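Proteins come first, then strands; the chains are lettered A, B, ... in the order of their sequence lines, and each starts at number 1. Any value given below was found using the heavy atoms of this structure, including those in side chains, with hydrogens, waters and symmetry copies removed. As the structure is a computational prediction, the values presented were derived from the model and not from experiment.
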There are 2 protein chains.
Amino acid sequence: MARNAGVKDVAAAAGVSLGTVSNVLNRPDRVSAATRERVEQAMRELGFVRNESARQLRAGRSRTLAYVMLDATNPFFTDVARGIEEAAEAQDMSVFLCNSDSRAERESTYLERLEQQRVQGILVTPVDPAHPSLGEVAERGTPVVVVDRVGPGAEHCSVAVDDVLGGRLAVEHLLDTGHERIAFVGGPDSIGQVRDRLAGARAATEAAGRSPDDLVVVTTEALTVAEGRRAGERIMGLARASRPTAAFCANDLLALGLLQQCVSLGARVPRDLAIVGYDDIDFAAAAAVPLTSVRQPRRDLGRTAAELLIDEAGNPDHRHQQVLFTPELVARASTRRPS
Amino acid sequence: MARNAGVKDVAAAAGVSLGTVSNVLNRPDRVSAATRERVEQAMRELGFVRNESARQLRAGRSRTLAYVMLDATNPFFTDVARGIEEAAEAQDMSVFLCNSDSRAERESTYLERLEQQRVQGILVTPVDPAHPSLGEVAERGTPVVVVDRVGPGAEHCSVAVDDVLGGRLAVEHLLDTGHERIAFVGGPDSIGQVRDRLAGARAATEAAGRSPDDLVVVTTEALTVAEGRRAGERIMGLARASRPTAAFCANDLLALGLLQQCVSLGARVPRDLAIVGYDDIDFAAAAAVPLTSVRQPRRDLGRTAAELLIDEAGNPDHRHQQVLFTPELVARASTRRPS
DNA sequence: CCTCCGGTTTGAAAGGTTTCAACGAGGTTT
DNA sequence: AAACCTCGTTGAAACCTTTCAAACCGGAGG
């Protein structure tokens, strides 16, 4: 089997011209069955692999999308990716997943390579949605859809979930359950989601007629399980009298870490500390004290984003949209009122 | 900003020739600082984006690898992917992640597209390592490295972990802790890992002088949290006298589901049922009853695989290797001997 | 016998980049 | 003053496919 057979070689082997081979590949119906069979035979024998670069160079199109995600190890984003894949598969497109790992320079390397690759379009959950590079990519002609964040202007489509509302739901639920001293666990502040969820939490606190200071803010350095554990140490280290009786975590990873640490320090959840997470990843329900969490429609988020992207890539009179989904509180044992 | 400026346009705008523009891109040191600046300026003004297809067509190389993974939502695989990214980043290469979602047809679509794209090489955790298509891809010239499975022959490199040993470690640990009736939870049988881990479990059972039938096999339909819960129901449904006192799960997702279900049915872990998982994903340690698990060197698995792939792609006298890592048991509360 | 027609096949051009041998202009050596 | 370098730059060829107008062919209709 020759290493690098091209259409030319296939044509020679099958005794037809270049154009015919190309027709077999692209418009098989225009080729008589006999020739087609002969050409296909030759392809198999030579181990022919169509050169996508040459094809794309000439034909212009490409059948791949890409999703540049913030953290491939966070189940929230892999679920979003699943939604994207569903929508892409329905249109017979492939999805390349790229992991920026929350590092701006990795993100821009991927954006650059994808742009050069002339993918149909790029879905991205950006490290910083306000950074101009996103707009520039779009400006240069590659459709961009922002997922789970909202950019500053309306320069591209975006799909997000109302995080302020989510924060409000979480804290309202805790207030309803009778908690008065509530901690907000999350950070760093540079992450838009964290700011919005905190804003929602504050809004709920005030709406209940309480001072905004009744919300104790515990700042973390990242939204990870390990940081959740550290937050747990800090909270459990507080004197019982001033210790919050409930914690609202900016995501489920934090909440799981917090839960684990508190339990291992001997606290009972929810009796000593009620916990609300955010995202409702599958592991939240699977925690041994099943976690109350704010559910985001992860699959739908991804699916809608991909659909918008595909529309933008194909539809000449596409108009940018900012879709905002509504989160929903899922109450479980971690906030059950102690009876 | 023009949509589709090429080197030609840049050259015209900067008042230099094609070749010079290309030199600015590829060998900047050969171009005088003044011209370079002028060319770069023109690129910015025109919004020039290098066309990777044309480049690759002419230059032949590509700076991307791909990892086709079985399940992007299983943290085990995303951790492997992280290892791959580390190794790739060190060589200034990018990684595209593709999710086959355990479906053979999706896997082969991705393999085909990647091959056509002429990626440097493909890492894959295949649905079926014995399927000939993998060998064919390699045969046609794209290096392939199998991750976390071992192919039938030595037609490509592979990196895996000794699953038989892992199974043995798990069951030996349970026997040491005094358990006699042990369940193996896992399936379907078509998955190589499941078979190997079960074989290890049986070997340990026999080595302890017990009948292989002392191992109760609870077959699941997939390695997911939901299936783990179902297994929990079944196990807890058994009469106390015949119920196993310990369960060894083929992966951590199953173990977490099992743990959750048992706890919610009122069983105490480990007193009523000890549980051992497999993979030692981060969520295992974070479970409220921290899970004993068989740790696989996930990052190293990925890193080593990527290094082998890069070697194969670049080194003319590369020789295929099958690397086998050794798993390690991490004991935690879920198997602590009740005192 | 000629024309026309439909279905097939052909051959050449085009697409944007990289590469490389060759060129020109200064400067250095003999 | 001639021969020789060096450094920057040039222009054309090559990469492999797709596309499309044109050629081909055998048969039907006039």
(message) Counting only heavy atoms from other residues, nucleotides and ligands, does the tally under 6.0 Å from CZ of A/Arg30 exceed 12?
(response) no

(message) What is the distance, to the nearest angstrom, from the CG atom on A/Leu57 to the P atom on D/dT19?
(response) 12 Å

(request) Could you check how far NZ of A/Lys8 sits from P of D/dT17, rounded to whole Å? (result) 9 Å

(message) In whole Å, I'd like the distance from the CG atom of B/Asn26 to the P atom of C/dT17.
(response) 11 Å

(request) To the nearest Å, give me how far apart CG (B/Asn23) and C1' (D/dG11) are. (result) 12 Å

(request) Answer with base, sugar-phosphate or nothing: what part of the nucleic acid does A/Val21 contact at a heavy-atom distance below 4.0 Å? (result) nothing

(message) Considering every strand and a 4.0 Å limit on heavy-atom distances, what is the contact class for A/Ser53: base, sugar-phosphate, or nothing?
(response) nothing

(message) Please report the distance, rounded to the nearest Å, between CZ in A/Arg50 and P in D/dC16.
(response) 16 Å

(request) Determine, for B/Arg82 against B/Asp79, whether the closest basic-nitrogen to carboxylate-oxygen distance falls under 4.0 angstrom. (result) no

(request) Would you kindly give the CZ-to-P distance between B/Arg30 and C/dA21, to the nearest whole Å? (result) 11 Å

(message) Any base atoms under 4.0 Å from B/Gly6, or only sugar-phosphate, or nothing? Heavy atoms, all strands.
(response) sugar-phosphate

(message) Other residues, nucleotides and ligands only: do more than 12 of their heavy atoms fall within 6.0 Å of CZ on B/Arg63?
(response) yes

(message) I'd like to know if B/Arg50 and A/Glu115 make a salt bridge, using a cut-off of under 4.0 Å between side-chain N and carboxylate O.
(response) no

(request) Can you tell me the distance, in whole Å, between the CZ atom of A/Arg55 and the C1' atom of D/dC15? (result) 17 Å

(message) Heavy-atom nearest nucleotide on DNA chain D for B/Arg118 versus B/Val31: which residue maps closer to 5'?
(response) B/Val31

(request) Using a strict cut-off of less than 4.0 Å between a Lys/Arg side-chain nitrogen and an Asp/Glu carboxylate oxygen, indicate whether B/Arg299 and B/Glu86 qualify as a salt bridge. (result) yes

(request) Ignoring the backbone of B/Ala54, work out which of C/dT10, D/dT17, C/dG16 is nearest its side chain. (result) C/dG16

(message) Taking only side-chain N and O atoms of A/Arg27, does any of them lie within less than 4.0 angstrom of OP1 or OP2 on D/dT19?
(response) yes

(request) Respond yes when some side-chain nitrogen or oxygen of B/Thr35 is under 4.0 Å from OP1 or OP2 of D/dT9, and no when none is. (result) yes

(request) Would you mind reading off the distance between B/Arg36 atom CZ and D/dC7 atom P, rounded to a whole angstrom? (result) 15 Å

(message) Below the 4.0 Å mark, does C/dT10 have OP1 or OP2 next to a side-chain nitrogen or oxygen of A/Thr20?
(response) yes

(message) Base, sugar-phosphate or nothing for A/Ser32? Non-hydrogen atoms, less than 4.0 Å.
(response) sugar-phosphate

(request) Select base, sugar-phosphate, or nothing to describe what B/Ser22 touches, counting heavy atoms under 4.0 Å on all strands. (result) base

